[in-house]
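Read the structure below first, then the notes.
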Amino acid sequence: MKKYRNIIFYVLTIAFFSCLMYWFFVEGKTLEIGESIAPTKATGGTMWDTFATSFLENLHHPLALLLAQIVTIIVVAKFFGWICVKLKQPSVIGEMIAGIVLGPSLVGLYFPEFSAFMFPKESLPNLQFLSQIGLILFMYIVGMELDLSVLRKKAHDAVVISHASIIIPFALGVGLAYFIYKEFAPDGIQFSSFALFMAIAMSITAFPVLARIVQERNLHKTKIGTVVITCAAADDITAWCILAAVIAVVKAGSFSGSIFVIIMAIVYVFLMIRLVKPFLTRIAESQKGKGFINKALVAVFFLILIISSYLTEVIGIHALFGAFMAGAIMPENVKFRNLFIEKVEDVALVLLLPLFFVFTGLRTQIGLLNDPHLWKIGGLIILTAVIGKFVGSALTAKFLRLNWKDSLTIGALMNTRGLTELIVLNIGYDLGVLGPELFAMLVIMALFTTFMTGPSLDIINYFFKGKKSSLEEDYNENDEKYKVLLSFETPESGSTLLKLADNFTHKMNGNKSVTAMNIAPLDELHAFDIEDYEKELFEDVIDTSQALKLEVTTLFKASTDTQSDLVNITNKGNYDLLLIMLGKSIYEGTLLGKLLGFTTKIINPSKLLNTVTGKSYIFNNSPFDDFTLSIIDKTNIPVGIMVDKNFESADRIFIPIFDLSDFYLVEYAKRLINNNDSQVIILDAAGQIRKNTEIRELIRNIEHIAPNHITLYNEKTIEKEFLESQDLMLISSKSWKNLIDTKSLWLSDIPSTLIVSNP
């Protein structure tokens, strides 16, 4: 009876209060007598007609429409971003293209009914409002990303390049405006306003996109990477200050009319630096060592952001400058900034920023460029932009005695305009300085110059491949050594793989090279995080290497495509063995896991692409996850996949040979015996070793060099106690698959296992 007590109470409670509500409703109906109650809508149709009418009304409700727009925008933006990542381009380019695709240039042109339904004109103000909030948060992050301490240390190296990369395109922009003013300046716009906006559009460098490209290309630790980042940071500050002055001039109609605005702006900047910044620094110091920020203080920082944006908007130099300034004066403590960036970044970059791209795309009418003459002008604009920024920066760097490779690399990176350019263009469009045709041309210029960065760097590297970077030299300086590359995700797995690498190479002294590599997904990192993240990640590996007295080279890379980068580094590095950990699914062993695993295989774009191109089968029943399987397929060296069960040292090794194709494992046994004095037991499961002269000879040679270290095992049954007594099992990938397919009883008792593929 006791076990039914809760059920009885639940049923009685629900029943009693349901009856009570029914009684209130019946009695309440009598209260309507004598009241003027509005009649309910009578549609005269069926219940389905009523539902359909209501459904259509809800579909066009402003909130429902806005939510549908956001879903559509995020899906399309992420899709094009993914394509660009696969093309080795920053995802921001794809998101910018997504905006144009959803706008009147493509969807609006070919699917006008869908465009009118999804993006009706009356809904655009809502979209613009949300996108502006996203931009304010984004500029706040851009301001926080600027490391002013680096600027102070490196400014003397980069200030010439930085200012030259602004003044040269600025002057060319003014010159371009002189030639196109008559034809493209909107009515009533003064030449000075038009020329200043064209000039600033030519001078912009997208600091966030550039920083991402530098990280993706592993240039952030090189001198060239530091110089470029410093130049771009200095560029950003200078350009936004110039833009604020230009906006003031445009709004006032003349420079003399803007003097009061500029004075107010200077006072605002002075107060932000002298009063607000010290105040925020004190708040940050009060939170030191806590690892989190009090919610009340978060509110203070957001208030500073909003008030700063409000003040700059009221002064007349645009709210975005206020957001940028609020970010730039944040306390310089890197961890503190990082904590705050994490709070803002996801909402700003993932949810709101794509709205800005699409809003820009909706006002970009490429169809207006319907005359060859207009495309020639567009080409002239692109040419001016590239000469001003690319050539200007490169020649300046060359003048400062950098070699041609470094000079051209700086020029290519500084030519990246990206999102920052779109922000400036939208401000110009909103102010009425840029007409629709010129706006479309400049958007194309922003896309083109951003898109050309990656190919330009590839071409520069191709023509100057004789001048290798220090990173490339690292790869090639030890060609004669036995080189092991271990790729790890967590500090623990790094230490485990390093112990295994030491077992393979311990006595090789100077004839070995061990590289510990981590490739971190760029999306999960932030510029401020990278150094600390790398240090923490490699700390255990360094400690283990010191304990083992093993010299190890560390290699860290932030990547947008970890799989491709891992394969490329492995194949280009001329390594002899790659060690990785077996990937595990968090859903492994559950019904949900089976469902999700199956679904993932179907919806995984890479999987679909490989299936279409015949590289794999969609229902491939592999014992490895897709990531591991892809590494095995694409690398051209042996891959050792570790199944870790508290591995410490490979003193006792078990090698089951099920087939003569597993024979290559004996070479690894020999290496472990020679370097670690391992005791090796080889299971001749099929009885083929005794019949094979070549294998018997190899085993004899091993015994001759290291007697009593290798034993042939012919038992038909392997006991649990035997497996548990071993430190490591070496097995071929083919035999491992057979164990999985036959659901071998070994699997529950195996020791740490190294599954070795033979390419």
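Given the structure is predicted, the values throughout are model-derived calculations rather than measurements.
Legend: ring pair (Phe, Tyr, Trp, His ring centres under 6.0 Å) pairs involving residues 388-430, not counting sequence neighbours, sorted by first then second residue: Y429-F439. Applying the salt bridge (charged side-chain N to carboxylate O under 4.0 Å, His left out) test to pairs two or more places apart or on separate chains, none has a residue in residues 165-174.
For F357 and F80, the gap between ring centers reaches or exceeds 6.0 Å.
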How far apart are the C-alpha atoms of V484 and T515, what are their side-chain angles, what is the distance that settles it, and do they pass the side chain to side chain contact (heavy atoms under 4.5 Å, CB included) test? CA-CA 6 Å; V484 179; T515 302; over 6 Å; no

Starting from the C-alpha separation in whole Å, work towards a yes-or-no answer on side-chain hydrogen bond (donor to acceptor under 3.5 Å, both in side chains) for T360 and N426. CA-CA 7 Å; T360 304; N426 275 278; 3.1 Å; yes

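Rounding to the nearest 0.5 Å places CH2 of W375 at 11.0 Å from CD1 of I381. Taking CG of L438 as the start and CG of L425 as the end, the distance is 8.5 Å to the nearest 0.5 Å. Here CG of L497 is found 11.0 Å from CE of M517. Values are rounded to the nearest 0.5 Å.
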Side chains of residues 443-450: which donor-acceptor partners sit under 3.5 Å, not counting sequence neighbours?
{"residue": "T449", "atom": "OG1", "partner": "M445", "partner atom": "O", "Å": "2.9"}
{"residue": "T449", "atom": "OG1", "partner": "A446", "partner atom": "O", "Å": "3.2"}
{"residue": "T450", "atom": "OG1", "partner": "G418", "partner atom": "N", "Å": "2.7"}
{"residue": "T450", "atom": "OG1", "partner": "A446", "partner atom": "O", "Å": "2.7"}

Return all side-chain donor-acceptor pairs below 3.5 angstrom for residues 199-209, not counting sequence neighbours, or 'none' if the list is empty.
{"residue": "S203", "atom": "OG", "partner": "I166", "partner atom": "O", "Å": "3.4"}
{"residue": "S203", "atom": "OG", "partner": "F170", "partner atom": "N", "Å": "3.4"}
{"residue": "S203", "atom": "OG", "partner": "A199", "partner atom": "O", "Å": "2.8"}
{"residue": "T205", "atom": "OG1", "partner": "D235", "partner atom": "OD2", "Å": "3.3"}
{"residue": "T205", "atom": "OG1", "partner": "K389", "partner atom": "NZ", "Å": "3.2"}
{"residue": "T205", "atom": "OG1", "partner": "M414", "partner atom": "O", "Å": "2.8"}

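Residues meeting the salt bridge (charged side-chain N to carboxylate O under 4.0 Å, His left out) test with K398, sequence neighbours left out: none. For the side chain to side chain donor-acceptor pair (under 3.5 Å) test, residues two or more places apart in sequence or in another chain that qualify with N415 are R417.
No more than 12 heavy atoms of other residues, nucleotides or ligands shown are found within 6.0 angstrom of CD on E551. For OH of Y181, the number of neighbouring non-hydrogen atoms (other residues, nucleotides, ligands) closer than 6.0 Å is greater than 12.
Considering only heavy atoms from C-beta on, E437 comes within 4.5 Å of L374 through its side chain.
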